[in-house]
Amino acid sequence: MRMIGAAIAVVGVLAVAAGPAVAQGKPASSAKKFKFKGGKVETGMLYTYIRSDLAGEKTGSVLVYVPDKKRVEILRVNPGQDAGQLLTGEMNWDTYSLGQFELWREGRDGGRQRQATATFSEASLSFRVEDQGLYRGAAGAASFTLPLTQIPAHLYNLDFVTLGLALRHLAEPMGSADFGVFAENTGAGPENPNFLVPAGKATVAFLEEVDRDGIPCMKYRVFGPALGDQEGLLWLNTEKGYLQDAEIPVRSSADWPDLKLTLRSAEKLSEGDWPLRRSLEISRSVAAK
C-alpha cells in the first residue's frame, strides 16, 4: 500500500468537489456483479471494532449490529467523548448500498438527538440536516441532493462498513466491482455548504487468500479516483464473510486522518440487550479520558 503523504491533497480535492448537485444521467452500475446470499447475513450479530489511525496514535470504536436481513445499526465512538454517533438504516439488496438511514447523537444514558436523515433513490442521495452541530460551527446546508454516478454507493465517513456488508454478496468473491463514494466535507462553508461530498468512483478487487492474525481471510485492494493516488486494503473473514480488518490511508472525517479497523469480537446479541451495549461502549470511552 502506498504511503499516506498525499492524503491531505485528497482532502483538498474532496472539499472543492462539494457544492450544488449537477444533473446527471443514469448512474453506472456494478450491481450485477453481486448476488444476494441470505446465508451470509447472520442476524442478531454484533461486530465490535477497534478504530484507530494508521499511526496508532488515536483509538476509538465502531459497533455494527445486524438485527435482521436488511437493517443495520452502526455506533461510532470517538475517544474521550460522552456521546456516540448512531446510524440506523436499511440495506437495499438491489443496489448493495444503504437504502435510507438516520444519524443520531446518543449519550450514555440512552438519550438521543436526531442529527440527519437520508434516502437513496435510483439516481441521487437526498440528505436533510436537523442538527447543525454536524458542521462543527461552520455554515452548512439544511438539505441537499447529490447525484449518484455509480451504484453501489457507500459513505467513507461511515468507515466503509456498508461496503464490507455488501462484499459478502459478490457473485464471484475473487472478482472486482466498482462503487461510488461519498465523503464528509471537511471544508464546509458558504461556497461548499453540503455535509457530504461526491468523491467519485473506486474499485474493490480481490488480491489473495491470506492468514490475518491467525484468521483465514480474503484480502481486497481498494483504489481509484475517490482515493486519489492512495490505495487501501480490506480483509474479509473467509468462512463468515464479515469485515475482519481495514486500512485506508485517506482522511475520512475532520476527526480522523486515515482509517484502521480491527475486529475485536463477533457475538450474538438480542435487540433487547443492544441499547445497554451501546451505553456501556460510550461509558467505556468516557472512562478512558
**OP:** Look at the rings of F160 and F179 and say which category their plane angle falls in: under 30° parallel, 30 to 60° tilted, over 60° perpendicular.
**Re:** perpendicular
Original post:
Are F127 and F195 near enough that their ring centres are under 6.0 Å apart?
Top reply: yes
**OP:** Hey, could you give me the CG/CE distance between L98 and M91, rounded to the nearest 0.5 Å?
**Re:** 5.5 Å
**OP:** Compare every heavy atom of H169 with every heavy atom of Y96, then report the nearest pair and how far apart it is.
**Re:** CE2-CB, 3.7 Å
Subject >> D159/R76 salt bridge by N-O under 4.0 Å criterion >> reply: yes
Subject >> Value rounded to 0.5 Å, distance of CD in Q150 from OG1 in T95 >> reply: 11.5 Å
**OP:** Determine which pairs satisfy salt bridge (Lys or Arg N to Asp or Glu O under 4.0 Å) with at least one residue from residues 209-218, sequence neighbours left out, and list them in order.
**Re:** R212-D245, R212-E247
Original post:
Just by distance, with hydrogens left out, do S61 and E281 show a side-chain donor and acceptor under 3.5 Å apart?
Top reply: yes
Original post:
Closest heavy-atom contact between F182 and P198?
Top reply: CD2-CA, 3.7 Å
**OP:** May I ask you to decide whether D53 forms a salt bridge with K58, counting only side-chain N to carboxylate O separations under 4.0 Å?
**Re:** no
Subject >> Spacing of CH2 belonging to W93 relative to NZ belonging to K37, to within rounding of 0.5 Å >> reply: 11.5 Å
Original post:
Do W104 and Q113 have side-chain atoms, one donor and one acceptor, less than 3.5 Å apart?
Top reply: no
